[in-house]
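Below is one structure, written out as structure tokens; the observations come after it.
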There are 2 protein chains.
Amino acid sequence: MNGLMMQRSLLVSSLLLHAERHHGSQQIVSRRVEGDIHRYSFRDMASRARRVANALDGLGLAADATLGTLAWNGYRHLELYYGVSGSGRVLHTLNPRLHPDQMAWIADHAEDQALFFDLSFLPLVEAIAARLKTVRHFVLMCERSRMPVDSKIPDLLCYEELVEAAGDAYDWPEFDENRASSLCYTSGTTGNPKGVLYSHRSTLLHSYAVALPDSLSCSARDTILPVVPMFHVNAWGLPYAACMVGAKLVLPGPGLDGKSLHELFEGERVTVSAGVPTVWQGLLSYVEANGLSFSTMRRTIIGGSACPPAMMRAFQENHAVEVLHAWGMTEISPLGTACVLKNDQLDLPREERYAVQAKQGRAVFGVDMKIIAESGEELPWDGRTSGELLVRGPWIVSDYLKGEGGAVLVDGWFPTGDVCTIDADGFMQITDRAKDVIKSGGEWIGSIDLENIAMAHPAVAVAACVAARHPKWDERPLLIVVKKPGAEVSREELLQFYEGRIAKWWTPDDVVFVDAIPLGATGKMQKNKLREQFQDHLLERA
Amino acid sequence: MNGLMMQRSLLVSSLLLHAERHHGSQQIVSRRVEGDIHRYSFRDMASRARRVANALDGLGLAADATLGTLAWNGYRHLELYYGVSGSGRVLHTLNPRLHPDQMAWIADHAEDQALFFDLSFLPLVEAIAARLKTVRHFVLMCERSRMPVDSKIPDLLCYEELVEAAGDAYDWPEFDENRASSLCYTSGTTGNPKGVLYSHRSTLLHSYAVALPDSLSCSARDTILPVVPMFHVNAWGLPYAACMVGAKLVLPGPGLDGKSLHELFEGERVTVSAGVPTVWQGLLSYVEANGLSFSTMRRTIIGGSACPPAMMRAFQENHAVEVLHAWGMTEISPLGTACVLKNDQLDLPREERYAVQAKQGRAVFGVDMKIIAESGEELPWDGRTSGELLVRGPWIVSDYLKGEGGAVLVDGWFPTGDVCTIDADGFMQITDRAKDVIKSGGEWIGSIDLENIAMAHPAVAVAACVAARHPKWDERPLLIVVKKPGAEVSREELLQFYEGRIAKWWTPDDVVFVDAIPLGATGKMQKNKLREQFQDHLLERA
């Protein structure tokens, strides 16, 4: 017997309708690529999103076309989030930090029918436009007055002209909630990038989970500034969650330096933000160098990679800004866990509290997780045993676009490629990427711990730890270090620094000093490149 | 094109699995019908819910059977919430405050296959057992030692015996999320009660909405005490939301007097509660009479009927407990709106803030609403124009059980029977029930405002305002008043009390003093009975 409840589809457009009706006057503030600050309301945004939908119809773009964007966090990008997905089309956010060849490959693979892009990406798009075989319309996201007089792109369209010419009467269509809403490619350090295709259902359920008090906690009283880019996993779902709860939204455009961010944080009275550690480090340095403070910020969510402990302490102890780890992946929409302390943990001694906060956190409701051994056997949640993390839930990938990469799931679970422990309270801590783990004499050594210790040394700017081949132990850890400008430290001093901080047999076998460590498009260290370069280092030294 | 996300059903059992894995040691504290306090953990509860599921199988109850409960808020009732629904069966919570005839009619109509009941309801069940034609098993929710030696109910089973005899190994089945999970009958002041059949999907979506920061705001740091009964619209979804977020749950059993509640609030460090105004009034009186305070409570959600303004002020100003209106119905699972102020409203002068707080609030995401005139025309959201409230959303009824009451929806919307205004910020305020509105010369007069004014008079204990027939205006308001013990007030004094407080033509035509006003099973005034009794009062007087 089925329940007798209304069958209402969970649709992206319903977020916009809710925001318009219940939070119509709430503000959206954007720092534009043009440099100035733009302000309008949810009501204005909703009206322009309807115009976007009409404009897409007018361009003859099919009702289920995939449309690409190459844009910073800004109001026009937001209008496309709703106008494209709301009309039933698929919003494909491209990452401008990728290599142009890879970008062209992705747009082609996704069969993007149009490409909307910010002024700052004009040279980039001009360089690849001829190679984008499926793209029928190129739309520059600016006013007519800023359109180039002469562009290499034939029939280049002006976004503002399209929007202004379109009517604002439009009824958002209703359809199956499993319909695709948006598309994001994994950055894929190996092999071709793979497309993750979100649905309206997954997006809505994810938004509820994001907004919960123990996740990112979003309310109509909040002002949310997503530093995480809208071109990367939907800015962690914040553009959707903001509409769901009616929060003021502040979109920083390309201005991610400490000064630009701090101005916005203070000027707009931001309460909640989210981003990767490097951005927060820049902000913190700027604030401390200039004797500034945060008067309204109360919570920053850090994901992408682990937050350096010193930075967490500085934010919490000097600035009363709570720092929360969250963990996710493109394949998980992205939110998997958030590290919000439980009641009994609030009373822990400070260092123990920090030890919990160093973890990636507990699963938000909707995400199941387990850890398994190489044999596939499920491992205990004891905070010590580490294994590969598997997850499942309604906003987790089941297949990549066009079946790239073959079968994705293992018995219905998505293998994350992360190696971690889970404690009895359900707090997960990543110890390594499965491919980065160092297998020494049959035992696993997590590279992340080794890197964190090295990075706690005052002379170290960045450290990577990779597996190097070893005649006796198969693999042993090798530490690769970039020193801080002007700082000095020797191999021996660094190795000694590990004493008492880790099991003796985990200590790296050697240290290599380099000028730079290669970073990928999302700012993560490309350890596969380091492994290639240094895999025989210990053999050669021996 | 569909998204490529996992197809995972939203199931009630997943709430329990999450609570067990991530919040296993979190506590559930119950004041038992037996009088003592019982404590265990979510892990214990999950284990016993599995035993319940096995016991149901053991009793030969079909995999989709409907099972009735007649129980207070307590841990055994909670085990049934999960054991019954989780196993695919339908949990039918019966309201013990109904007349026994009505209760028997409902159990029969629902085709309950078993009835689980608290010790305190033994005499009641004994009185109606012979009439319950579909009930095959009667289960008394107590230990063997408390079972009656001799009961009129043949083959009376003991809950604790059943649970202890069953194994705790049980895999919660997976099935379509639209499957029925629970059933609650409307109290229906006219006609037969009607069954509202919730689904797993509606229950899960509703739980997300309930837990949001701007709804009831539930987190793992909270201790939630639902005063609202688990036999009435699932205690506003709190038993589900608590599992979703891992909040400590405190279940007060039958002890809803001020002393019992205050003991639990302080002893268990309760932070959030929810209930109807009468219970809060009792609690407040007890606290003030004994010079007590609330040391951990920070928010109380009030629904069922409007909160007397004086009580709201007392809680907020004397006890630093925020009072939030929420509005819902059995047909809405029940949450429709919550009155959480927006940022800019926090800075309003105190009286204006209270004017907003007096409203029922803004729709939680998932609930669409509109107001219409008698003609069906949609009315503006201006805070002045009142019309009937219609709602729609995935946790709102589409049909009553067995089609009782005929077609329920109007163009896909559920007509709530409430008359209200909605302001430009989306805040809804109920001015009347559609059937209680007074139609004077073609204009509507809301009875609730008139009642609130009368109840603000120091000599008035309770006041009801109903339509009485009038030779010229069709209907005019008639005020029916119960005086406070020992207090005196005249008809003239009361009518004068309206001066300056309301439009002159809204002033009631007469006042009738009575000893008591009839209340229904959920504590609401039965104004239909008053109308029957007094409909000709003005004609007779004339």
Side-chain angles (χ1 to χ4, degrees), chain A residues 1-8 10 15 17-18 21-25 64 90 176 178-181 196-202 205 208-209 211-214 217-221 244-246 248 340 342-343 346 362-363 365 368 392-401 412 414 424-426, chain B residues 1-8 10 15 17-18 21-25 64 90 176 178-181 196-202 205 208-209 211-214 217-221 244-246 248 340 342-343 346 362-363 365 368 392-401 412 414 424-426:
Chain A
M1 180 167 62
N2 277 352
L4 294 170
M5 296 281 113
M6 288 188 191
Q7 284 300 330
R8 302 280 309 159
L10 303 172
L15 293 164
L17 287 167
H18 180 82
R21 296 200 91 175
H22 286 274
H23 304 279
S25 59
D64 62 352
V90 179
D176 187 311
N178 291 301
R179 184 158 168 169
S181 61
V196 179
L197 193 62
Y198 309 105
S199 69
H200 287 260
R201 172 183 165 95
S202 71
L205 292 175
Y208 271 124
L212 287 178
D214 281 353
S217 190
C218 306
S219 90
R221 298 189 189 183
M244 175 174 272
V245 306
K248 177 176 169 183
V340 176
K342 297 180 179 178
N343 241 341
L346 292 175
R362 48 195 169 87
F365 178 78
D368 285 344
R392 66 178 181 187
W395 54 81
I396 296 171
V397 72
S398 60
D399 266 306
Y400 291 110
L401 190 63
F414 172 70
D425 285 319
Chain B
M1 180 167 60
N2 277 354
L4 295 169
M5 296 281 113
M6 287 188 193
Q7 284 300 330
R8 303 278 311 159
L10 303 173
L15 293 165
L17 286 166
H18 179 82
R21 297 200 89 175
H22 286 275
H23 304 279
S25 59
D64 62 351
V90 179
D176 187 311
N178 291 301
R179 184 157 168 170
S181 61
V196 179
L197 192 62
Y198 310 105
S199 69
H200 287 259
R201 172 183 167 95
S202 71
L205 292 174
Y208 271 124
L212 287 178
D214 282 354
S217 191
C218 306
S219 89
R221 297 188 190 185
M244 175 174 271
V245 306
K248 177 176 168 182
V340 176
K342 297 180 179 178
N343 240 341
L346 292 175
R362 46 194 171 86
F365 178 77
D368 286 344
R392 65 177 181 189
W395 56 80
I396 296 171
V397 72
S398 61
D399 267 305
Y400 292 110
L401 190 64
F414 173 70
D425 286 318

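Scope of the values below: all heavy atoms of this structure, side chains included, with no hydrogens, waters or symmetry mates. Below, read A as the first sequence line, B as the second, and so on, with proteins coming before strands; counting in each chain starts at 1.
Interface remark: of the candidates Arg21(A), His23(A), His200(A), Lys248(A), Arg21(A) forms the most heavy-atom pairs closer than 4.5 Å to chain B. Counting heavy-atom pairs closer than 4.5 Å to chain B, the top residue among Pro394(A), Cys218(A), Ser25(A) is Pro394(A). Contact count versus chain A (heavy atoms, under 4.5 Å) is highest, among Leu346(B), Leu17(B), Val90(B), for Leu346(B). Ranked by heavy-atom pairs shorter than 4.5 Å toward chain B, the options Ala211(A), Gly246(A), Ser181(A), Ala424(A) are led by Ala211(A). For chain A, the option among Gly24(B), Ser199(B), Ala180(B), Gly426(B) with the highest count of heavy-atom pairs below 4.5 Å is Ala180(B). Annotation: maximal heavy-atom pairing with chain A below 4.5 Å, among Lys342(B), Arg392(B), Gln7(B), occurs at Arg392(B). When each of Ile396(A), Asp368(A), Asp399(A) is checked for heavy-atom pairs under 4.5 Å with chain B, Ile396(A) comes out on top.
Nearest heavy atoms, Arg201(B) versus Arg8(A): NH2-O, 2.9 Å. Nearest heavy-atom pair, Asn343(B) versus Arg221(A), reported as atom, atom and distance to 0.1 Å: ND2-O, 2.6 Å. In plain terms, the two heavy atoms of Pro213(A) and Pro213(B) that are nearest each other are CD-CD, 3.9 Å. Considering all non-hydrogen atoms of both residues, Met6(A) and Gly393(B) come closest at CB-O, 3.3 Å.
Ring geometry for Trp395(B) against Tyr208(A) counts as tilted: the plane angle lies between 30° and 60°, on a 0 to 90° scale.
Leu4(B) contributes atom CG, which lies 5.5 Å from atom OG of Ser398(A) (distance to the nearest 0.5 angstrom).
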